[in-house]
Protein chains: 2
Amino acid sequence: MDAHLRDLRYFLAVAEHLHFTRAAEELYVSQPALSKQIRALEKQLRVSLFERDHRDVRLTAAGKALVPHAQAVLSAWHAAEQALLTAANTLVVGMSTAPGRGLLPAVRARLSDVSLQVRQVPWHDPTGGLAAEETDAAFVWLPMPAPERYRWVTVATEPRLVALPATHRLAAQTTVDFADLLDEPFLALPTSSGALRDYWLAVDARPDRPVTVGAEIANTEETVEAVTAGLGVCLIAAGNTSLIARDGVVVRPVGNLAPGELVLAWRRDDRRPLLAALVAAVRASL
Amino acid sequence: MDAHLRDLRYFLAVAEHLHFTRAAEELYVSQPALSKQIRALEKQLRVSLFERDHRDVRLTAAGKALVPHAQAVLSAWHAAEQALLTAANTLVVGMSTAPGRGLLPAVRARLSDVSLQVRQVPWHDPTGGLAAEETDAAFVWLPMPAPERYRWVTVATEPRLVALPATHRLAAQTTVDFADLLDEPFLALPTSSGALRDYWLAVDARPDRPVTVGAEIANTEETVEAVTAGLGVCLIAAGNTSLIARDGVVVRPVGNLAPGELVLAWRRDDRRPLLAALVAAVRASL
DNA sequence: ACGCTGTGATAACCAAGTGGCATGGACGCG
DNA sequence: CGCGTCCATGCCACTTGGTTATCACAGCGT
């Protein structure tokens, strides 16, 4: 009988990690839920896919046999989704941070025959979904990993400000000097975001001293939360001030910090006219 | 996001028939259920797949684009299932009618290292799931359609008896002459079963006069039901007497009717040693 | 016009599926 | 022996998928 594609994703995650708890984390579900789904899948297929004991998890012969086929099914489905988007003249645009500034409405107006699907992508992916081909274009902050694989157009160049708890000793000042922040714990992007993490920690602007990371943040809510809780301070782009400066969070300009560059990026090898039209529309709307 | 493979089957069924009611029948679900699922699929994919009005249903461009991909996904999954069965040393054996006679336990005993998955197949498929590659071997009654595609070994040769309502005028006799049944309405297999339908209607044994079909039957329960309800009489194999002769149904021998042949069949082009082992075990168990 | 027929959509309801949290229980380790 | 790790289980809430009954609409025949 037919399975849910989700179960195949679950299966592959467990097969990859050989560890239910970690696979569950990656999938953003609880470990019991994952356990239960895998058991259900095994029951449905009438085959045991994993041998588990308290020490570790191994693939059975059947499990090993399933891995490539599960991958094939999922990639066939991915192709199907792509075909649908093409058929519907739709581009998926990832957004690490909202470009804001009225840009999107202007672009949509110029591309009335193209439907744009805007998708918020979590911050652990510095390519905004481009690398995994989950998006066709993405608003991301430089630097990007593997820049030779992408092209981009700058959308905004904005100073980096610092977000502080309202109760912070520096919150009283109208401007903060970066030197005064050196000993503060900083909120950081997940390590998977690579050079971008360092960029928002302003590692370049620091003397040769390790940064203290107070917490990792993966979206706006977590950031506000973490700053309010005093877990650390955080550099943000000027354009995002309104998203962050609320409740107990204040935002202050920082002296002597190079501005950040928000770009619309796309895969260099993606030469679809539809995408070119999007890029042209964005350029024209700046 | 990921879909349920069932939804793809549903989609393909509607795409093929361009008719919700008929597709629903084929899928053995109600028409509203199918309608709802297709709507949900469209909503999930954010694309409309069909244009419907009261007269007919048409595929949209997106729908047309999805068809081949949906087929690809399903066939990839089919391959996955096959791989699992191979990995688990499992053969799927279809059963139009239980071979009974203690055959299956004997075969299992001889094939302790092979796991047999026995599956009841509905009577509208005279190949017992072999044609659709849903089974690796099947216990079916001759004649088979496209016999050049299959091989088989005879498992039992059994007289055909007639099942009658207990209240039937002929039920009082210990033996029934087929001539006395000519004017009776008969229960028939679905038309899709082709020559097999004629076989169990004993068309060969009739003078050139059309058969009256009282109802179509697709499994044992329906048969008992229909006979009891007096919708018609029905030829059955001697070995199935115990399945049918209950409640208000009696079974009587019929004079002058060639016996039926129950065979284990498999696809001629299927040369897997595992299958050969099954055939050998069946032969040895006769 | 009027009612019948065929067809998809909708409503109300119920069962099964899916997820979360708390907790259990087996094993290895200091 | 207690503790930590890690998968399984029990229980509960919410969602999903299915059923039946009914509606709405368009042709069609009278």
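Labels below follow one simple rule: chain letters A, B, ... track the order of the sequence lines, proteins then strands, and each chain is numbered from 1.
Rounded to a whole Å, the CZ atom of B/Arg39 is 17 Å from the P atom of D/dT16. With rounding to whole Å, A/Glu51 atom CD is found 14 Å from D/dC7 atom P.
The outermost nucleotides of DNA chain C lying under 4.0 Å from heavy atoms of chain B, listed 5' to 3', are C/dT7 to C/dT10.
When the shell of 6.0 Å around CD of B/Glu225 is examined, it contains 12 or fewer heavy atoms from other residues, nucleotides or ligands.
Proximity of A/Ser35 to the phosphate of D/dC7: no side-chain N or O atom is located under 4.0 Å from OP1 or OP2.
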Practice problem: Please assess A/Glu42 against A/Arg52 for the test salt bridge (Lys or Arg N to Asp or Glu O under 4.0 Å), listing each intermediate value before the final yes or no. | Solution: CA-CA 13 Å; A/Glu42 290 178 315; A/Arg52 316 113 154 107; 3.1 Å; yes
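Between B/Asp2 and the options A/Arg9, A/His4, A/Arg6, A/His78, a side chain to side chain donor-acceptor pair (under 3.5 Å) holds for only A/Arg9. Of the options A/Glu25, A/Arg22, A/Glu26, a side chain to side chain donor-acceptor pair (under 3.5 Å) to A/His17 is made by A/Glu26 and by none of the others.
Classified by interplanar angle (parallel below 30°, tilted 30° to 60°, perpendicular above 60°), the ring pair A/Tyr28/A/His124 is parallel.
Between A/His69 and B/Gln82, the side chains place no donor N or O within less than 3.5 Å of an acceptor N or O (distance only, hydrogens not considered). For the residue pair B/Ser48 and B/Thr60, no side-chain donor N or O sits within less than 3.5 Å of a side-chain acceptor on the partner.
A/Gln117 contributes no side-chain N or O that, together with a main-chain N or O of A/Thr135, makes up a donor-acceptor pair within less than 3.5 Å.
Remark: B/Trp200 CH2 to B/Asp198 CG distance equals 13.5 Å, nearest 0.5 Å. With values rounded to the nearest 0.5 angstrom, B/Leu49 atom CG is found 14.0 Å from B/Arg58 atom CZ.
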Pairwise N/O distances under 3.5 Å, protein to nucleotides 17-23 of chain D:
residue	atom	partner	partner atom	Å
D/dG17	OP1	B/Arg6	NH2	3.1
D/dG18	OP1	B/Tyr10	OH	2.8
D/dG18	OP2	B/Gln37	NE2	3.1
D/dG18	N7	B/Lys36	NZ	3.3
D/dG18	O6	B/Lys36	NZ	2.8
D/dT19	OP2	B/Ser30	N	2.8
D/dT19	OP2	B/Ser30	OG	2.6

Are any protein N/O atoms closer than 3.5 Å to N/O atoms in nucleotides 4-6 of chain D? If there are, list each pair with its distance.
residue	atom	partner	partner atom	Å
D/dC6	OP1	A/His19	NE2	3.3

